[in-house]
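Worksheet: one structure, shown below.
Heavy atoms only: backbone and side chains are in, while hydrogens, waters and symmetry mates are out. In what follows, chains carry the letters A, B, and so on, assigned in the order in which the sequence lines appear, proteins first and then strands, with residues in each chain numbered from 1.
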Amino acid sequence: MSGEQAKLSRKDFVSDQDVRWCPGCGDYAILAQVQRVMPELNIPRENIVFVSGIGCSSRFPYYMNTYGFHSIHGRATAIASGLKLSRPELSVWVVTGDGDGLSIGGNHLIHLLRRNLDINILLFNNEIYGLTKGQYSPTSRIGLITKSSPLGVADHPFDTVSLALGADATFVARTVDTETRHLQEMLRRAVAHKGTSFIEILQNCPIFNDGAFEDVSGKGSRIQNQLVLEHGQPLLFGSEDARMGVALGKDMSPQVVSMDSTPEEEVLLHDETNEALGFFLSRLERPEFPVPLGVIRAMDRPIYEKEVAAQAERALSDMGQPDFNKLFTGGDTWTVE
Amino acid sequence: MSGEQAKLSRKDFVSDQDVRWCPGCGDYAILAQVQRVMPELNIPRENIVFVSGIGCSSRFPYYMNTYGFHSIHGRATAIASGLKLSRPELSVWVVTGDGDGLSIGGNHLIHLLRRNLDINILLFNNEIYGLTKGQYSPTSRIGLITKSSPLGVADHPFDTVSLALGADATFVARTVDTETRHLQEMLRRAVAHKGTSFIEILQNCPIFNDGAFEDVSGKGSRIQNQLVLEHGQPLLFGSEDARMGVALGKDMSPQVVSMDSTPEEEVLLHDETNEALGFFLSRLERPEFPVPLGVIRAMDRPIYEKEVAAQAERALSDMGQPDFNKLFTGGDTWTVE
Amino acid sequence: MAEVPSETTVREKPVEQVDAVVIRFAGDSGDGMQLTGTQFTNESAIAGNDIATLPDYPAEIRAPAGTLAGVSGFQVNFSQARVFTPGDRPDVLVVMNPAAFSVNIADLRDGGILVADSDAFTLSNIRKAGMDGDPLADASLTKRVRVFAVPLTRMTTDSIKDMGLPNKTMVRCKNFFALGLCSWMFNRPIEQTLTWIGAKFAKSPALVEANTRVFKAGWNFGETTEVFVHTYEVKPADIEPGTYTNMTGNRALALGLMAAASKAGKSMFFGSYPITPASDILHELAAHKNFDVTTFQAEDEIAAVCAAIGASFGGALGVTASSGPGIALKGEAIGLAVMTELPLVIVNVQRGGPSTGLPTKTEQADLMQALYGRNGESPLAIVAPATPVECFDMAFEAVHVALKYMVPVMILSDGYLANGAQPWKIPDYDELPDISVRYWKGDLGFHPYLRNEDTLARPWVIPGTPGFEHRIGGLEKDYDSGDISYDPVNHERMTRVRAEKIERVNEDLDPPRVEGSELGELLMVGWGSTYGALAQATEELNAEGLATGHLHLRWLNPLPVEELKRIFARYKTIVVPELNMGQLVRILRERLLVDAIPVSRVQGQPFKVGELKARVKAIVEEGR
Amino acid sequence: MAEVPSETTVREKPVEQVDAVVIRFAGDSGDGMQLTGTQFTNESAIAGNDIATLPDYPAEIRAPAGTLAGVSGFQVNFSQARVFTPGDRPDVLVVMNPAAFSVNIADLRDGGILVADSDAFTLSNIRKAGMDGDPLADASLTKRVRVFAVPLTRMTTDSIKDMGLPNKTMVRCKNFFALGLCSWMFNRPIEQTLTWIGAKFAKSPALVEANTRVFKAGWNFGETTEVFVHTYEVKPADIEPGTYTNMTGNRALALGLMAAASKAGKSMFFGSYPITPASDILHELAAHKNFDVTTFQAEDEIAAVCAAIGASFGGALGVTASSGPGIALKGEAIGLAVMTELPLVIVNVQRGGPSTGLPTKTEQADLMQALYGRNGESPLAIVAPATPVECFDMAFEAVHVALKYMVPVMILSDGYLANGAQPWKIPDYDELPDISVRYWKGDLGFHPYLRNEDTLARPWVIPGTPGFEHRIGGLEKDYDSGDISYDPVNHERMTRVRAEKIERVNEDLDPPRVEGSELGELLMVGWGSTYGALAQATEELNAEGLATGHLHLRWLNPLPVEELKRIFARYKTIVVPELNMGQLVRILRERLLVDAIPVSRVQGQPFKVGELKARVKAIVEEGR
Ligand SMILES: Cc1ncc(C[n+]2csc(CCOP(=O)(O)OP(=O)(O)O)c2C)c(N)n1
Ligand SMILES: Cc1ncc(C[n+]2csc(CCOP(=O)(O)OP(=O)(O)O)c2C)c(N)n1
Ligand code: SF4
Ligand code: SF4
Ligand SMILES: [Mg+2]
Ligand SMILES: [Mg+2]
């Protein structure tokens with residue numbers, strides 16, 4: 001019960017609540033990685049807050065032994081913004097789903113990204129509404145049969161990463177529920193980033209959309225479908241014996257090349273700070289191209305809560321310490337005797 | 001009063017309502033161009049609907065002698081979606097502002113863009129809230145002093161075009177209130193495009209944000225600040241005697257080159273269908289780079305209302321003509337005598 | 001293997017006649033209890049009983065197997081008399097595991113029958129359910145109720161072990177054993193069930209065979225073993241002739257909307273965003289795209305209602321549906337529909353609140369939101385179906401009123417109606433009334449806020465109509481020209497017209513009708529899904545000698561104030577039972593200045609008839 | 001050039017004593033009428049009169065110059081007695097153009113004074129205003145009122161033409177001519193105005209000189225010419241000693257919130273989205289970032305309230321403000337604050353509705369929305385200031401209640417209070433009460449829904465507090481553990497606790513106080529901005545011999561029902577005048593079962609005292 005920092009372990013972040021996701025749900029793996037990474041961060045548990053909306057994914061805060069707020073559908077980003085603005089010293093995390101974060105909550109999300117508060121957003125993308133039992137979401141693919149699309153989805157889906165880039169996010173990453181190490185690494189990178197960090201986590205919902213990411217996470221297919229990004233490194237993917245690369249066509253179109261026949265210099269180098277490149281990567285479409293995983297964009301921009309605090313500082317130095325009596329009598333006054 | 005199509009003129013599109021914008025407002029010029037282009041389209045007036053939200057710009061429908069709906073703040077895109085889905089044969093236009101369309105209405109906008117209904121959106125961007133008398137908007141620039149930002153705007157603005165591209169819009173263009181011909185051309189292009197057309201119109205609000213686009217529209221500065229895009233043409237700008245071009249750096253960074261010393265082949269060619277190039281262009285930042293005007297992206301993708309209609313067709317052929325009695329008795333039934 | 005049962009099989013055990021039985025199936029979410037309950041209900045309906053059901057499943061996420069949180073239940077009341085409710089306390093309780101036992105056992109009436117799968121009562125399962133020793137062996141239990149511990153799982157697998165199916169698959173069949181056993185116990189007709197198994201598992205012949213065998217094994221177990229000494233029979237009820245089907249409130253609502261749109265000659269546009277317990281309406285409608293129905297799953301509730309408004313502007317029937325929190329979000333846009341005087345139907349399938357509240361539980365706490373959940377003076381019409389099948393009729397009426405008066409109409413359903421099923425006497429579509437409306441005849445002097453003298457409806461002239469181009473919007477409009485107007489007196493006039501339009505709806509509505517005693521000691525006034533409990537209580541109270549009337553309001557706005565006054569005057573005490581803290585009662589008190597007394601229950605569940613009677617009697621005795 | 005006037009100038013014309021004067025300045029939006037009115041008000045305040053003002057400007061977009069839509073007005077009532085309202089009909093009307101004439105002339109009382117800028121009455125302007133001939137020459141006018149047609153524009157430019165300013169700039173000064181003339185006419189002290197001109201145009205010495213000269217020219221014109229025969233004087237009122245400043249409702253509200261947060265020892269977080277007429281609160285607060293105030297202009301109203309809730313969760317005082325349509329959008333999130341029992345202050349500056357309605361006009365039609373505009377049983381506390389300066393006090397009380405009881409509190413202001421100004425007796429900040437609250441003392445057995453015995457408030461333990469990590473949310477919580485609970489009985493218990501918390505607020509509130517007759521024929525019950533009209537009417541009715549009481553409720557939820565009963569019993573007739581179709585009246589009828597009678601006005605404007613009296617008297621005479 002004291003503020004002093006004993007070394008924390010994963011268990012310290014496990015709350016006393018029964019975890020109530022379906023057996024086999026990808027959310028379990030994500031929870032485990034978050035609970036694993038937390039102790040490394042050396043942030044006192046009481047200074048960590050998880051804010052969520054509504055959805056299976058949004059149950060997350062109950063399972064973390066930190067402060068938590070399970071709010072209303074789509075609004076976690078807005079609530080977190082108010083919290084972070086008034087308590088900049090807290091480590092604020094948003095957990096949201098593809099429905100919560102991109103459908104009803106899409107606007108708050110893009111506005112948070114542009115404002116760039118130092119908040120970490122984990123978007124569990126299972127391309128379905130889990131909690132309400134299986135309607136399609138803004139990331140569901142064309143043709144998917146769901147309860148609300150018995151004839152198949154007709155709505156073109158968002159690419160989550162493109163959308164975040166278009167909204168001027170300063171940190172955008174993508175990872176997969178089953179890639180435990182990569183997921184951990186992304187969490188660490190998100191924490192290290194100053195400004196809003198946005199991680200899309202591809203998450204399997206075995207009940208309503210099983211295997212949506214089989215290509216990226218399946219044993220047989222993951223190698224040839226994952227384009228794992230590393231800053232400064234060439235864009236290579238595929239197995240050792242069938243190594244492929246992504247090159248830039250003259251007209252700025254992407255090209256998959258075989259490394260057997262291509263010199264490495266012709267392959268694009270990843271640059272997390274290049275906005276155009278990030279977008280270029282986000283447009284790579286399956287199955288023709290592999291799925292980029294890793295940090296797609298990471299760049300510096302002033303942090304909103306710091307700018308706001310600086311304005312308050314400036315106001316203090318320009319206008320002085322608060323003096324209500326001065327404020328009250330600041331306009332025209334007259335005295336009745 | 002009959003449906004037959006007499007040749008219409010600009011005047012036919014002028015309603016009987018007094019136009020109530022402030023003197024000098026950029027909205028007048030936009031209204032005039034729209035009224036000018038309308039007769040060319042050969043769409044019967046009664047089949048045209050203008051839908052707007054709330055804002056100075058959103059008064060637009062009252063001034064058009066067509067059907068119109070001046071709705072509530074931020075929701076014009078949603079209302080238009082319902083209208084277009086149920087009446088695909090109508091020519092549906094949305095008029096919105098940077099506050100209406102990008103602040104409160106941001107979510108509906110991006111979802112309309114991804115769904116790709118055949119609706120034309122005109123976003124009047126004056127980088128301010130006009131109607132409510134001068135608060136900053138999501139496109140206001142950092143540092144701008146407004147009624148609600150007496151110490152300057154601290155919120156990083158959206159780039160409207162980047163956002164639309166990130167949301168997978170199929171047609172994105174930018175023009176300026178004062179560039180009457182270019183504006184007309186963009187309107188024609190928008191109408192020609194099948195799918196959602198999004199035009200950002202830079203619009204001066206002389207009352208609350210005068211001169212926000214002086215660089216792009218000012219007599220002295222417009223030439224060197226406008227990068228006018230033409231499909232298949234090189235990205236050139238500047239005056240005759242100081243012609244400049246935009247080239248692609250090896251790392252995908254933009255480079256301004258002087259045409260005096262650069263062969264034209266080294267300059268990028270504009271390609272409206274290249275998504276990465278479009279985004280690249282949208283990231284060009286003033287004052288280092290010119291402002292791209294014209295069609296930034298134009299690409300084909302299935303039109304939502306057509307897909308929906310096709311599903312209904314399919315349902316009809318698979319499940320037959322509506323037969324309520326069959327439907328009612330479709331499940332388990334039993335008879336009481 | 002035991003002999004195949006059939007309708008002609010000679011029953012070897014004696015048959016006991018009973019009037020009505022309430023049976024509850026309870027098990028883990030994965031145990032198929034909803035399926036079992038539904039099918040048992042179908043059998044009972046075919047047997048000619050009157051029936052009422054109550055499915056009760058856990059919160060939205062699947063809880064770990066065997067836990068208390070994961071228990072799912074389905075209760076059905078079948079009777080030879082008219083049935084109003086699923087029953088307060090079951091006569092028979094079937095539990096598939098200790099958790100189901102633990103959650104439900106207190107409800108089983110004294111002397112009732114408990115059937116338990118003894119195989120599931122392992123120590124670890126018992127612990128998971130928060131108990132210590134084997135509860136089935138507990139003397140206090142066996143004294144209170146009759147316990148039948150049946151090795152259900154084992155017998156299930158035994159009956160199909162020769163088929164070579166994986167164990168998991170075999171165990172999954174056990175609900176059919178329970179169904180077979182209960183079908184035997186209550187002499188249910190089983191032909192239809194066998195056909196249904198065949199159809200349901202048509203894709204896998206092995207499953208058809210397995211489930212059929214297990215079902216029969218359950219039936220035979222009852223017939224053959226010594227465990228059960230007799231079966232029960234509930235004679236057919238005296239039910240209006242006709243063809244029936246089982247109908248849930250949500251489905252009835254969807255069909256009612258579709259039929260009404262069709263009878264009005266309008267396309268239907270349904271804009272919605274999923275939310276429990278309203279989503280099934282979207283699912284249902286989405287499956288009928290051949291009926292000139294467009295469903296639009298919007299990005300949120302605001303877009304959903306706005307799209308519906310846009311569609312109405314375009315000439316379709318715009319409809320939107322949600323539950324409480326989503327309706328809260330729609331408030332501003334509904335105000336736009338009020339102001340632009342467009343037809344719009346808004347469905348609120350209420351659930352426990354406030355905020356996210358109890359998403360899977362029922363409540364009637366959104367009446368005030370329906371009346372007042374918008375800025376300004378913003379009246380709309382409100383109707384509340386009383387039973388699942390009435391959802392059809394009320395949806396039909398709602399559409400009619402919306403189109404005729406050019407107003408938004410809110411339908412207040414709730415979780416209980418939505419998921420509850422009831423036999424529906426299937427109407428003949430061709431005999432449903434034509435409700436098409438013609439709005440605008442003249443062509444001189446048109447403006448969009450002209451009014452029909454009788455209904456005060458403005459003309460619905462839709463885009464595409466040449467010569468009538470016009471603009472509408474959310475700003476106040478001039479009564480005489482339809483242009484924007486800031487004129488003070490005009491604003492008051494328009495405000496009163498909008499209110500008056502709703503009042504005029506009264507002229508289309510059936511006068512309120514009292515059931516039970518036409519005058520006397522007590523009048524119970526109710527609305528919505530409490531109908532069954534109130535009707536049952538009324539019957540029983542009258543039988544007990546307390547002259548009781550029951551007035552169940554369908555339309556809650558407008559109210560037939562003068563007629564209500566006359567009716568109220570005939571009773572000494574007026575009580576208003578509601579599943580909220582007292583909402584209709586406030587409106588009645590305010591309008592009629594009558595000391596109507598609230599009877600509140602805010603427990604996420606329907607009224608229990610016994611409890612309701614007790615509370616009402618106490619009020620009558622104390623004079624209030 | 002005429003001589004410089006000063007306080008010591010000997011007035012050459014006779015002075016007539018009057019008790020009170022109502023003057024209205026009207027002109028084009030660009031004519032600076034708001035400025036003129038405000039400054040004239042300041043002069044009157046300094047002269048020691050009691051004052052009340054009513055600015056009235058057109059819809060949000062600037063209309064073309066000279067049109068009816070562009071007319072802007074400012075009315076001030078100054079008196080030697082207490083003043084409650086800006087007055088029904090002006091005694092003096094100053095019009096700068098034909099449109100202003102046309103819009104306002106009907107209001108000018110018979111025998112009143114009309115001052116018109118005759119230069120502006122050109123044919124084209126007259127036509128723009130929808131008239132034909134020169135209305136100033138119309139005999140029916142000159143018979144009814146005293147007309148002073150003054151070539152105001154010309155005299156303005158004449159007085160400064162030697163300065164070489166552009167003509168447009170010169171003409172722009174003409175409102176100072178009007179101000180000077182009126183200052184002369186009513187013997188206003190002008191020193192302060194001269195200083196103020198100096199400060200206002202400090203950046204342009206030329207404008208200081210021009211406006212000063214024009215102002216003096218106006219003064220001298222009155223003094224020197226034969227046009228006016230005497231001046232008027234309104235003696236100082238008997239006003240409580242103290243230092244005063246002119247205060248609008250919006251500014252008072254902002255200051256009250258700030259002072260309360262400070263006295264509670266909390267940072268204030270203000271999340272808002274601009275909307276007329278609430279935006280000025282945001283503007284005001286944004287200007288005081290040195291007072292530990294964070295303002296957050298959110299992307300919409302939902303984000304605004306959610307951010308405030310987030311800030312409250314973090315330990316700040318979360319506040320949000322909007323007008324009706326924006327409040328409608330916040331409903332769902334406010335329900336979350338109710339459920340999570342976080343302190344939150346929500347300001348609704350009401351305007352004409354429904355929907356977008358009449359954005360710049362006043363109305364009291366959101367009381368029901370405040371009470372019921374959310375799903376489920378979702379009670380919150382509601383307070384309504386009665387005057388612009390009371391916005392300070394009520395904001396302070398609202399903050400106190402929100403923090404002490406851990407509840408959302410809604411403040412209902414309106415357009416009239418928001419923009420109306422009134423002399424504010426400046427309080428001493430140090431004498432304002434300390435309202436800091438301590439919530440959690442123990443550290444054993446903590447859970448987030450534990451309750452304080454007296455207030456029922458739950459403990460506000462904020463992130464950063466080690467050892468008390470916990471989770472809250474919108475699902476129902478267990479009374480004993482704070483965990484999510486679907487238990488039926490627990491839900492009812494929690495529902496009742498949330499209601500009871502609001503009832504307990506009564507203990508902190510001043511008992512309702514009747515003004516006027518303590519008993520008698522008539523009680524007028526009001527709330528919010530109608531205070532002035534009701535108080536004035538009460539005074540006049542009592543003077544006319546009708547024993548009238550006036551009860552003005554500040555807190556609308558909870559209501560002190562028992563005390564109200566006692567008070568109501570002392571009067572024969574209860575009327576409830578409101579600027580809506582009857583909202584408070586419904587609540588009173590329902591709670592007290594008393595036949596309270598509504599007096600409605602829905603015209604986007606305050607009550608006129610005369611009209612109100614007439615309607616009330618008719619009710620008394622007819623017995624209802
Ligand atoms: C205002 C409101 N609208 C709708 C809902 C119903 N609802 C709850 S969660 C959800 C979608 C969940 O999808 P997602 O965010 O992808 O989460 P998942 O369950 O897939 O993890 C919906 C529609 C709600 N609770 N509140
Ligand atoms: C729900 C709601 N919130 C806020 C407002 C107030 N409001 C009206 S228009 C507007 C912003 C207008 O800005 P923009 O869309 O940029 O239009 P402009 O006036 O600049 O053309 C705001 C905040 C409103 N009418 N309704
Ligand atoms: S429904 Fe899907 S996302 Fe939700 S808990 Fe179950 S598996 Fe996970
Ligand atoms: S306020 Fe600005 S945007 Fe609005 S009408 Fe005036 S000039 Fe145009
Ligand atoms: Mg999801
Ligand atoms: Mg704008």
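For the residue pair Ala333(C) and Val305(C), the shortest heavy atom distance occurs at CB-CG1, 3.5 Å. Between Gly473(C) and Tyr449(C), the closest heavy-atom pair is O-OH, 4.0 Å.
At a 4.5 Å heavy-atom cutoff, Ile327(C) makes no contact with chain D through either its backbone or its side chain. No part of Leu371(C) comes within reach of chain D, as not one of its non-hydrogen atoms sits under 4.5 angstrom from that chain. The contact between Glu332(D) and chain C is made by backbone and side chain atoms together, counting heavy-atom distances below 4.5 Å. If you measure heavy-atom distances from Ile587(D) to chain C, you find no contacts under 4.5 Å at all. Only the side chain of Ala499(C) comes within contact range of chain D, with heavy atoms under 4.5 Å apart. The contact between Glu363(C) and chain D is made entirely by side chain atoms (from C-beta outward), counting heavy-atom distances below 4.5 Å.
With chain C as the partner, the residue from Gly604(D), Gly373(D), Pro325(D) showing the most heavy-atom pairs under 4.5 Å is Pro325(D). Note on Ser323(D), Ser378(D), Ala365(D), Pro354(D): by heavy-atom pairs under 4.5 Å with chain C, the leading option is Pro354(D). Chosen from Arg586(D), Arg591(D), Glu476(D), the residue pairing most often with chain C at heavy-atom distances under 4.5 Å is Arg586(D). Contact count against chain D (heavy-atom pairs under 4.5 Å) is highest for Glu377(C) among Arg374(C), Glu377(C), Lys361(C), Met368(C). Most heavy-atom pairs under 4.5 Å with chain C: of the set Ala337(D), Gly357(D), Gly352(D), this distinction falls to Gly357(D). Note on Gly353(D), Ser355(D), Gly335(D), Gly376(D): by heavy-atom pairs under 4.5 Å with chain C, the leading option is Ser355(D). Of all the listed residues (Leu588(C), Asn375(C), Val594(C)), the one sharing the greatest number of non-hydrogen pairs under 4.5 Å with chain D is Asn375(C). Between chain D and the options Asp366(C), Val585(C), Leu592(C), heavy-atom pairs under 4.5 Å are most frequent for Asp366(C). Ranked by non-hydrogen atom pairs under 4.5 Å with chain D, the options Gln605(C), Lys330(C), His491(C), Gln364(C) are led by His491(C). The residue among Met494(C), Gln350(C), Arg601(C) with the most heavy atom pairs within less than 4.5 Å of chain D is Arg601(C). Contacts with chain C were tallied for Asn580(D), Leu367(D), Val338(D); Asn580(D) has the most, counting heavy-atom pairs under 4.5 Å.
Under a 4.0 Å N-O distance rule, the pair Asp414(D)/Arg351(D) does not qualify as a salt bridge. Contact check on Arg589(C) versus Asp595(C) returns a salt bridge, with a Lys/Arg side-chain nitrogen under 4.0 Å from an Asp/Glu carboxylate oxygen. A salt bridge is defined here as a Lys NZ or Arg NE, NH1 or NH2 lying under 4.0 Å from an Asp or Glu carboxylate O, and Arg493(D) with Asp487(D) fails to meet this definition.
In this structure, CG in Leu329(C) is found 10.0 Å from CD1 in Ile334(C), a value given to the nearest 0.5 Å.
Under the 4.5 Å side-chain criterion, counting only non-hydrogen atoms from C-beta, Val71(C) is in contact with Asn104(C). Counting heavy atoms from C-beta outward, Met581(C) and Val602(C) have side chains that approach closer than 4.5 Å.
With Arg89(C) contributing its side chain and Ala106(C) its backbone, the two residues share a donor-acceptor pair below 3.5 Å. A donor-acceptor pair under 3.5 Å links the side-chain atoms of Asn490(D) to the main chain of Tyr479(D), judged by distance alone. Of the possible polar contacts, none joining the Thr340(D) side chain to the Ile472(D) backbone as a donor-acceptor pair under 3.5 Å is found.
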